[in-house]
Amino acid sequence: MNWYILTKTAKGTIRPKGKIHQAQPLFSKEIPYTVTQWVKYLYSDTLPASLPIPPFKRIRGASVTDWMTSVITNDASPLISQALYNCLASFKLAPHRAYDTHVLHGQEKHPFKVLFQRLQLDIIDYRRSTFCTYEKNPISDQYEYKEAENILSHDDITARNARFGKAIYLKEDVPYDGFLIRPKGVIFLVNERIKNAIEQERFTGLFLIPFSQGEDFTEDLHSKLLRAEMGTNL
């Protein structure tokens, strides 16, 4: 099975010049900024039936795309159109919930979702994979990756602070078409069935980076994205 990293595009055409994001969350007394600390749900046994998700407003000059960037959303909890969510939900995603919101664009109100998934800790083949710490060399005084030994589970990664996946292998019997792993930052992986559906529907604002067994995640994901999009109209 071929796998792909599903992430936002690096193409500059979707964002106004000099801006980082496409959408601005509209916080209020009912939905304050503090409710957006969502990382805890990656490790939850269950996801809540409802969450207070703020509405969003398109930043001037940005396009409304099927995957939109904002200061509070990311690959772990993306802001996606209703149509893109319907596509993803037609496949077997890891345990997840999608919470309703919308993106304001002038007088138009576009239905969107913020998609939450539980992090999958047992899909990485830890016996084949290699993880590293990032430590200062006492001789050169430079920070270096140092390979961690005997990493056999996610608990070992936590115990040894081995947060950087130097060579990541997936197990052969992955039960999902799409899921989240954390070889460094959170990565949204989808298989070829989802990739084909996304390309057929021509969803916008996203990109699919091919994932290889033994993938090195000491390299920043954004660098992978830029390299993958080379040759396109950035």
Donor-acceptor pair, distance only, cut-off 3.5 Å: does the side chain of T9 make one with the backbone of G205?
no
Between L152 and Y169, is there shared hydrophobic-cluster membership here, with clusters defined by ILVMFWY side-chain heavy atoms closer than 4.5 Å?
no
Do K184's NZ or CZ and the ring of F164 fall within the cation-pi criteria of under 6.0 Å and 45°?
no
Linking I/L/V/M/F/W/Y whenever their side-chain heavy atoms sit closer than 4.5 Å, directly or via other members, would L119 and L93 fall into one cluster?
yes
Please name the residue in the list K195, R193, K92 that meets the salt bridge (Lys or Arg N to Asp or Glu O under 4.0 Å) test with D177.
R193
Hey, is CD on E199 packed in by over 12 heavy atoms from elsewhere, all under 6.0 Å?
yes
Less than 3.5 Å apart, any donor N or O on the side chain of D75 or T7 sitting next to an acceptor on the other?
yes
Output field: ring centroids F203/W67 closer than 6.0 Å:
no
Any donor-acceptor N or O pair under 3.5 Å, side chains N86, Q82:
yes
Hey, could you give me the CG/CD1 distance between L206 and I80, rounded to the nearest 0.5 Å?
9.5 Å
For D220, is there an ion pair with K224 - N to carboxylate O distance below 4.0 angstrom?
no
Short side-chain to backbone donor-acceptor contact, T69 and Q22, under 3.5 Å:
yes
Under a 3.5 Å distance rule, please check whether R97 uses its side chain to pair with a backbone N or O of P48 as donor and acceptor.
yes
Does the ring centre of F211 sit less than 6.0 Å away from the ring centre of Y4?
no
Can R227 and E219 be counted as an ion pair, charged N to O under 4.0 angstrom?
yes
Taking atom NZ as the centre, does K171 end up with more than 12 heavy-atom neighbours from other residues, nucleotides or ligands that are less than 6.0 angstrom away?
yes
Quick check on Y33: does its OH atom have over 12 non-hydrogen neighbours (other residues, nucleotides or ligands) under 6.0 Å away?
no
Using only atom types and a distance under 3.5 Å, with no angle test, would you say the side chain of Q107 pairs donor to acceptor with the backbone of H105?
no
Linking I/L/V/M/F/W/Y whenever their side-chain heavy atoms sit closer than 4.5 Å, directly or via other members, would I59 and V71 fall into one cluster?
no
Counting neighbours of CD on E149 that are heavy atoms of other residues, nucleotides or ligands and sit closer than 6.0 Å, is the number greater than 12?
no
Start with the C-alpha distance between N137 and Q142, add both sets of side-chain angles, then the distance that settles side chain to side chain donor-acceptor pair (under 3.5 Å), and finish with yes or no.
CA-CA 5 Å; N137 186 313; Q142 300 294 315; over 6 Å; no
Are F131 and I187 linked, directly or through intermediate hydrophobic residues, by side-chain heavy-atom contacts shorter than 4.5 Å (ILVMFWY only)?
yes
